[in-house]
Amino acid sequence: MNRKQALQAMAVIGGGTIIGLDLFLSGCKASGAKELNFSPETLALLDQIGEIIIPTTHTPGAKATQIGTFIKTFVSDCYTPQQQQVVMNGIADIDKQANSAYGKKFMQLSVTQQNELLTKLDKEAKTENLSTQGKKDAPPPHYFTLLKQLTVFGYFTSEIGQTEVLDYRPVPGSWNGCVPYKKGEKYFV
């Protein structure tokens with residue numbers, strides 16, 4: 001199994017295909033994609049959302065990987081303009097939903113309130129994605145699904161994800177994808 005197949009398998013296990021993965025792996029840029037300008041506040045918001053999705057435990061969380069910067073780069077390079085718009089509208093919607101529910105912007109909420117809001121968005125995303133699944137000319141997935149996929153993908157392909165969470169074993173020489181797995185071992189890359 002090569003790296004591309006492994007990442008695609010990870011996407012399927014995680015609940016679907018990661019939009020833009022083929023462009024990412026080929027090093028190409030999406031047709032019509034434009035460089036998005038995320039403010040420092042937007043990057044902090046994405047870092048905080050990532051930290052709620054993958055929190056710091058005995059290993060660093062998503063915030064430690066600067067997941068906001070990864071999301072910005074991936075969306076800028078690998079998403080079509082329509083997909084980019086879904087993400088940008090979604091980021092704005094998070095603050096609208098926070099303001100509607102709690103009277104504050106997302107970053108001003110307590111971690112418990114942030115978690116409640118993201119749980120609500122996750123349920124909303126699953127319902128919306130199921131209603132459009134398999135339809136011809138279906139719209140892109142719900143923005144929270146995209147943010148969640150990018151957080152998981154970015155985290156586990158980062159240096160921290162590879163070396164501190166997964167059991168990365170650098171080996172000089174050629175790649176051997178057929179290594180025996182012993183029950184109880186962490187996955188290794």
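In this structure, CD on Q66 lies 9.0 Å from CG on L43, to the nearest 0.5 angstrom. Note: L109 CG to E116 CD = 9.5 Å, rounded to the nearest 0.5 Å. One distance of note links CD of Q149 with CZ of F74; it measures 9.0 Å at 0.5 Å rounding. Atom OG1 of T42 and atom CG of D47 lie 11.0 Å apart (nearest 0.5 Å). The structure places CD1 of I91 at 7.5 Å from CD1 of I71, a figure rounded to the nearest 0.5 Å. I67 CD1 to T151 OG1: the interatomic distance, rounded to the nearest 0.5 Å, is 5.0 Å.
Side-chain rings of Y155 and F70 stay apart, their centers remaining 6.0 Å or farther from each other.
Put simply, the side chain of I53 reaches to within 4.5 Å of the side chain of F144, judged on heavy atoms. Counting heavy atoms from C-beta outward, I94 and L147 have side chains that approach closer than 4.5 Å.
A side-chain contact (heavy atoms from CB on, under 4.5 Å) with T145 holds for exactly one of L121, D122, N129, V86; it is N129.
In this structure, the side chain of Q83 does not engage the main chain of V75 through any donor-acceptor pair within 3.5 Å. Looking at E164, its side chain never comes within 3.5 Å of a backbone N or O of G161 through a donor-acceptor pair.
Under 3.5 Å, the side chains of S76 and T73 contain no donor-acceptor pair of N or O atoms. Counted by atom type alone, Y143 and N89 present zero donor-acceptor pairs between their side chains at under 3.5 Å. Judged by distance alone, the side chains of Q85 and Y79 never bring a donor and an acceptor atom under 3.5 Å apart. In summary, the side chains of Q97 and K120 do present a donor paired with an acceptor at a separation below 3.5 Å, with no hydrogens or angles considered. Counted by atom type alone, E51 and T56 present one or more donor-acceptor pairs between their side chains at under 3.5 Å.
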Exercise. Do K96 and N99 pass the side chain to side chain contact (heavy atoms under 4.5 Å, CB included) test, and can you show the C-alpha distance, the side-chain angles, and the key distance before you say yes or no?
Worked result: CA-CA 5 Å; K96 286 180 195 168; N99 197 29; 5.8 Å; no
For this session: Applying side chain to side chain contact (heavy atoms under 4.5 Å, CB included), run through Q114 and F106 and close with a yes or a no.
Result: CA-CA 7 Å; Q114 290 175 344; F106 183 82; 3.5 Å; yes
For this session: Go through T80 and Q84 one step at a time and tell me if the side chain to side chain contact (heavy atoms under 4.5 Å, CB included) criterion holds.
Result: CA-CA 6 Å; T80 65; Q84 289 177 336; over 6 Å; no
For this session: Given side chain to side chain contact (heavy atoms under 4.5 Å, CB included), test Q48 with M107 step by step and report yes or no.
Result: CA-CA 8 Å; Q48 183 60 24; M107 292 299 285; 3.7 Å; yes
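Shortest non-hydrogen contact noted between Q162 and F156 is NE2-O, 2.5 Å. Between L46 and G68, the closest heavy-atom pair is CB-CA, 3.6 Å. Contact detail for G50 and A62: the closest heavy-atom pair is O-CB, 3.2 Å.
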